[in-house]
Amino acid sequence: MKTLLLKSEPSVYSFDDLRRDGRTVWDGVANAQALIVLASAKVGDEVLFYHSNDGKCIVGTAKVAKRAYPDPKLDNPKRLVIDIRAGKPLTRPVTLAEIKAVPGLADLALVRQSRLSCMVVSEGHRELLRGLGVK
DNA sequence: GCCAACGTTGGC
DNA sequence: GCCAACGTTGGC
């Protein structure tokens with residue numbers, strides 16, 4: 001099982017929205033690199049839910065509920081989506097500033113490639129995040 | 001196939 | 001609101 005980190009602007013779709021919905025289709029990914037990440041997602045993989053712009057913090061967890069499939073709303077087989085279901089909110093959000101303060105997390109894609117919306121979190125990075133309170 | 005121009009994302 | 005970092009587009 002691996003861990004993904006998905007970014008969302010809370011004003012568009014927040015973690016609270018996900019908890020309200022229980023489950024949602026994760027769509028809108030067009031970037032080639034991010035699509036490769038989506039394609040690698042397996043049911044049961046852990047998802048870290050990050051609020052970009054307004055928040056800049058990891059706010060909760062989720063799980064991959066359905067592996068990648070073409071967006072039914074689009075006529076483009078390359079535009080993949082996955083389904084995720086809500087997990088638990090963190091007791092305290094873990095901010096980007098806190099993450100940047102950990103030397104071992106400097107090469108996390110979230111830090112290095114701010115525009116990437118969807119990334120795989122390595123085992124080692126996952127452990128460091130756990131140390132910051134991402135349970 | 002190169003590259004300039006333009007658009008977008010997201011941190012600050 | 002600004003701008004850096006990228007990705008994409010289109011003319012050549």
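Since the structure is predicted, the reported quantities are computational estimates derived from the model, not experimental observations. Keep in mind that the numbers below use all heavy atoms, side chains included, and drop hydrogens, waters and symmetry copies. A note on names: the letters A, B, ... follow the listed sequences, proteins ahead of strands, and every chain is numbered from 1.
At a cut-off of 3.5 Å, with distance as the only test, a side-chain donor of A/Asp17 or A/Ser14 sits close to an acceptor on the other residue.
For the pair A/Glu98 CD and B/dG11 P, the interatomic distance rounds to 15 Å; values are reported in whole Å. Rounded to an integer number of Å, the gap from CE of A/Met119 to P of B/dT9 is 15 Å. Between A/Asn31 atom CG and B/dG10 atom C1' the separation is 14 Å, expressed in whole Å. As a whole-Å value, the separation of A/Leu110 CG from C/dA5 P is 16 Å. Between the P atom of B/dT8 and the CD atom of A/Gln33 lies a distance of 20 Å, rounded to the nearest Å. A/Asp54 has its CG atom 14 Å from the P atom of B/dC12, to the nearest Å. Computed from coordinates, the A/Asn76 CG to C/dT8 P distance equals 13 Å when rounded to whole Å. Rounded to an integer number of Å, the gap from A/Glu9 CD to B/dT8 P is 13 Å.
By the 4.0 Å N-to-carboxylate-O rule, A/Lys63 lies too far from A/Asp45 to be salt-bridged with it.
When each of A/Val111, A/Val102, A/Leu108, A/Val120 is tested with A/His125 by the rule side chain to side chain contact (heavy atoms under 4.5 Å, CB included), just one qualifies, namely A/Leu108. None of A/Asp75, A/Asp71, A/Asn76 except one satisfies the side chain to side chain contact (heavy atoms under 4.5 Å, CB included) rule with A/Lys73; the exception is A/Asp71.
Taking every side-chain heavy atom of A/Leu96 into account, B/dC12 is the closest of B/dC12, B/dG10, C/dG7.
Side-chain N/O atoms of A/Lys100 include one lying less than 4.0 angstrom from OP1 or OP2 on B/dC12. Checking the phosphate oxygens (OP1, OP2) of B/dT9, no side-chain nitrogen or oxygen of A/Tyr50 falls inside 4.0 Å.
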